[in-house]
Number of protein chains: 4
Amino acid sequence: MNFDIAPAAATPIYRQIVDQVRRLAASGQLAPGAELPSVRAVAQQHAINPMTVSKAYSLLEAEGLLQRRRGLGMVLAEAATPAAAGDKAALLRPALAGAARMAKQLGLSDAEAQALFQACLQDPSSKAPYEHD
Amino acid sequence: MNFDIAPAAATPIYRQIVDQVRRLAASGQLAPGAELPSVRAVAQQHAINPMTVSKAYSLLEAEGLLQRRRGLGMVLAEAATPAAAGDKAALLRPALAGAARMAKQLGLSDAEAQALFQACLQDPSSKAPYEHD
Amino acid sequence: MNFDIAPAAATPIYRQIVDQVRRLAASGQLAPGAELPSVRAVAQQHAINPMTVSKAYSLLEAEGLLQRRRGLGMVLAEAATPAAAGDKAALLRPALAGAARMAKQLGLSDAEAQALFQACLQDPSSKAPYEHD
Amino acid sequence: MNFDIAPAAATPIYRQIVDQVRRLAASGQLAPGAELPSVRAVAQQHAINPMTVSKAYSLLEAEGLLQRRRGLGMVLAEAATPAAAGDKAALLRPALAGAARMAKQLGLSDAEAQALFQACLQDPSSKAPYEHD
DNA sequence: GTGGTCTAGACCACA
DNA sequence: GTGGTCTAGACCACT
């Protein structure tokens, strides 16, 4: 399991992790009982502070999404079943709504905006949103 | 000219202004030479501090998008044609790319994501993205 | 007589005028009794506010360098004889001293700095110093 | 690392900092990855407001010359090689070009101007340029 | 510890 | 009228 982290992005690192776990859990790509990479492993891999990863995990634990298994690290909580389509939509909508407002301000037609989105869906490269210059 | 400001959003106010001017300039809705509302006017209208508005304008000036007409106010730079102000697509793509990655992590199909985006384009309500809790 | 005015520069317009008249008078390029261009002419030629030109002339009058001849406009005061070389140097030194400090911070040798200055002396084009981005 | 700040000069403090960092980066005296003194440290050392320092750093970040290491401080951007930071000559030329035009207006010969510049290079004392009266 | 953001208010300078 | 600059102090967020 790899997190997709952009240290220079505007969204704080701990939040990038939290949001990603939420989404992976909602989609079922992370199954109940599945182990998460250790704090140290994540920290080392992305050259970030272990405290940052730990903070993210702690938040997810407080939320009930993760469980601490002694000596084993964190695993996805058994109760964390994949979400219904509606719930998934709720996690995605804010981002899309923001993009939609931007498209309007840019004077793009709905068709143009959708074409651009389609391109992004097919090409998963490119950077994170809201980066500071 | 009115800015669309959400004081409670996670994105700082000054940045909301900066981003909006960029998009309005790129779309041509703000023509080169056009006057921007005065710092004091914007501040009063949205009940925010003049310095916050001033900060946004200063950044845009440093960026070359705005020019100071001394003692008169700020105008959109003559050189800031919609083309020069940056591709519309370039201003929108980061947000869409981020949303696309989220959709993948949620296990949504491209069609599902597109449908949700379509809904957002037609319903301009809803909140700003990336709000902190 | 033409003033060399850069409306976008950091130094205020009125001060650009004041300093220029001082230098032209010190050098003798503007002789005692010589007429200065009218406020309206300068304002129109450079698309600046007549009040700005007027302010500059008033300051120079208060300084004794200009005299108001009724119906004739401003003329250089009879008492304004060309300055000695030492005085001219005094008007130029601050600018050169600032440039010298910059050269040091840039790690340029004296020879390199002088070569660059020599180039500037021979090519009178290029922009004003201290422009805001 | 110490900044050279003149609180009484006409050039605003934040701009003195910005310009100095630019020059130190261009000269290589500040290497990519090097840490800058903290906002609070600079503020305390020169008895100025932290926001003033912060403003300078923010501008330099927007410019791409500095990068924020969250929670740690600012470092010179990795991409900011002396070359990329802008030609040394480009940073010095505007000041020299302005001085050259002044010299012409003063009726000084190139040799006289050069001699005066030479003196300034050897005597690093003297005041900042463009002080308002 | 770090920087970011905003406020409130002051004073200046320019046109 | 306009924006620019700085201060003092608050609170937040990240590491």
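Proteins get letters first, then strands, A, B, ... in listed order; numbering begins at 1 in each.
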Distance check: side-chain N/O of [X] vs OP1/OP2 of [N], anything under 4.0 Å?
X	N	value
D/Thr52	F/dT7	yes
B/Ser54	F/dG3	no
D/Tyr14	F/dT5	yes
B/Arg70	E/dA15	yes
A/Lys55	F/dT15	no

[X] [atom1] to [N] [atom2]: how many Å, rounded?
X	N	atom1	atom2	answer
D/Leu72	F/dA13	CG	C1'	14 Å
C/Arg15	E/dA15	CZ	C1'	17 Å
D/Met74	F/dT15	CE	C1'	15 Å
B/Leu66	F/dT2	CG	P	16 Å
B/Ile17	F/dG3	CD1	P	12 Å
D/Leu59	E/dG4	CG	P	11 Å
D/Tyr57	E/dT2	OH	C1'	12 Å
B/Glu61	F/dT2	CD	P	17 Å

Closest approach of [X] to [Y] (non-hydrogen atoms, all atoms of both residues):
X	Y	answer
D/Tyr14	D/Lys55	CE2-NZ, 3.9 Å
C/Ala99	D/Leu92	O-CD1, 3.5 Å
D/Ser27	C/Leu106	CB-O, 3.1 Å

Just the dot-bracket of DNA chain E, please: which string comes out with Watson-Crick or G-U pairs under 3.5 Å, [ ] for crossing, | for another strand? ||||||||||||||.
Assess whether a salt bridge exists between C/Arg69 and C/Glu35, defined as any Lys/Arg side-chain N lying under 4.0 Å from an Asp/Glu carboxylate O.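 Judged by the 4.0 Å cut-off on N to carboxylate O distance, C/Arg69 and C/Glu35 do not form a salt bridge.
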Residue of the set D/Thr52, D/Val18, D/Val53 for which side chain to side chain contact (heavy atoms under 4.5 Å, CB included) holds with D/Ile13: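 The option that passes is D/Thr52.
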Can C/Glu61 and C/Arg68 be said to form a side-chain contact (heavy atoms from CB on, under 4.5 Å), step by step? CA-CA 7 Å; C/Glu61 190 191 10; C/Arg68 212 172 282 271; 3.0 Å; yes
Nearest to the side chain of A/Ile13, which nucleotide is it out of F/dC6, F/dT15, E/dG4?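 Shortest atom-to-atom distance from the side chain points to F/dT15.
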CD1 of C/Ile48 to CD1 of C/Ile5: how many Å apart, nearest 0.5 Å?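 So the gap between those two atoms works out to 4.0 Å.
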Sequence neighbours excluded, which residues qualify as side-chain hydrogen bond (donor to acceptor under 3.5 Å, both in side chains) partners of B/Gln44?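 Not a single residue meets the side-chain hydrogen bond (donor to acceptor under 3.5 Å, both in side chains) criterion with B/Gln44.
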Is it the case that B/Gln45 and B/Asn2 place a side-chain donor and acceptor less than 3.5 Å from each other?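 There is such a pair (donor and acceptor under 3.5 Å, judged by atom type) between the side chains of B/Gln45 and B/Asn2.
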How do B/Gly71 and D/Gly71 order along DNA chain F: which one's closest nucleotide is nearer the 5' end?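 Checking each residue's closest nucleotide, the 5'-ward one belongs to B/Gly71.
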Main chain of D/Ala6, side chain of D/His46: is a donor-acceptor contact present, judged purely on distance under 3.5 Å?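 Pair absent, no side-chain N/O of D/His46 close to backbone of D/Ala6.
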Near DNA chain F, counting only heavy atoms under 4.0 Å, which residues of residues 34-51 of chain D show up?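 DNA chain F contact set from residues 34-51 of chain D: D/Ile48, D/Asn49, D/Met51.
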